[in-house]
Amino acid sequence: TATQVRLDGFFTVV
Amino acid sequence: MFEARLTSAATLKKVLEAVKELLNEASFDCSDSGIQLQAMDNSHVSLVSLTLRSDGFDKYRCDRSLTMGMNLASMSKILKCANNDDTVTIKAQDDADTVTFVFESKKQEKISDYEMKLMNLDQEHLGIPETDFSCVIRMPSVEFARIVRDLAQFGETVLICCTKEGVKFSVSGDVGSANVKLAQTNNFDKEEESVSIEMQEPVSLSFACQYLISFTKATPLSPRVQLSMSSNVPLVVEYEIAELGYIRYYLAPKIED
């Protein structure tokens with residue numbers, strides 16, 4: 001099985 | 001005063017269809033340069049980034065930058081009231097709490113206007129880093145939609161493997177497994193039908209089919225789609241909107257436990 005990653009870790013809040 | 005006019009309501013209808021499955025509401029940021037929307041879906045797995053350039057509109061005026069928070073289901077109800085070949089004008093006063101959509105038939109014998117309340121959406125803006133992708137695949141958008149739809153029947157996760165020879169989409173589930181391989185074509189006569197791959201290094205990444213299906217709602221906007229991939233970064237699925245801008249979807253990968 002594969003776990004879905006969230007996007008938050010990839011982008012920074014500006 | 002904000003005013004943006006398109007001679008064909010069909011374009012705006014297609015744009016809305018391309019975002020409303022992923023987003024319930026969204027902020028449209030309007031400025032001199034055009035209209036932008038950037039929002040993640042509720043589960044923070046995908047992000048929609050839409051740009052409509054001001055020079056792509058038939059008329060565009062934006063005296064002061066404004067952000068219009070809209071409920072997309074309500075906007076969809078309104079746009080359903082327009083015929084595809086109606087001219088559509090989006091209007092708002094500075095600091096207004098409503099937006100007005102005006103539809104005009106080709107012969108001007110029917111003019112309708114729909115006013116919608118705006119919402120205060122507290123949406124954060126994300127900085128998306130520039131990435132040199134390991135693989136960039138360009139293919140017919142209809143082909144991509146077909147592959148995603150076909151494979152999604154057999155599993156929840158699609159593995160996309162890209163090498164210089166081609167790209168392979170694989171799914172496995174309870175029924176069994178399915179693979180679709182697309183070779184790079186050298187079809188210079190019919191560029192629109194070609195599959196092209198720019199590869200720095202091979203990439204294999206897994207993604208949730210459900211989101212890819214949502215992205216393919218943008219298919220009517222463009223005959224071509226571009227998939228950009230690098231290891232361990234989000235996939236970017238981009239549809240160009242002719243003479244107006246683009247819609248990009250970012251999708252976080254699935255990672256093996």
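Per chain, numbering begins at 1; letters A, B, ... match sequence-line order. We use all heavy atoms of the structure for the numbers below, so side chains are in, but hydrogens, waters and symmetry mates are not.
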CD on E256(B) to OG1 on T3(A), rounded to 0.5 Å = 8.0 Å

Above 12 or not: heavy atoms from other molecules or residues under 6.0 Å from CD of E240(B)?
-> no

Crowded around R6(A) CZ? As in, over 12 foreign heavy atoms under 6.0 Å?
-> yes

Interatomic distance, L47(B) atom CG to F10(A) atom CZ [nearest 0.5 angstrom] | 12.5 Å

Hey, mind stepping through V5(A) and K254(B) against side chain to side chain contact (heavy atoms under 4.5 Å, CB included) and telling me if it holds?
-> CA-CA 6 Å; V5(A) 179; K254(B) 287 181 116 177; over 6 Å; no

Side chain Q4(A), main chain I255(B), donor-acceptor under 3.5 Å = no

With sequence neighbours excluded, give me every side chain to side chain donor-acceptor pair (under 3.5 Å) pair touching residues 195-209 of chain B.
-> R138(B)-E198(B)

Does CG belonging to N120(B) count more than 12 external heavy atoms closer than 6.0 Å?
-> no

May I ask you to check whether over 12 heavy atoms, not counting those of D32(B), lie within 6.0 Å of atom CG?
-> no

With ring centroids as reference points, do Y250(B) and F11(A) lie under 6.0 angstrom apart?
-> yes

Atom pair CG/NE2 of L7(A) and H44(B) - distance to nearest 0.5 Å = 9.0 Å

Do the side chains of L126(B) and V13(A) get nearer than 4.5 Å, heavy atoms only?
-> yes

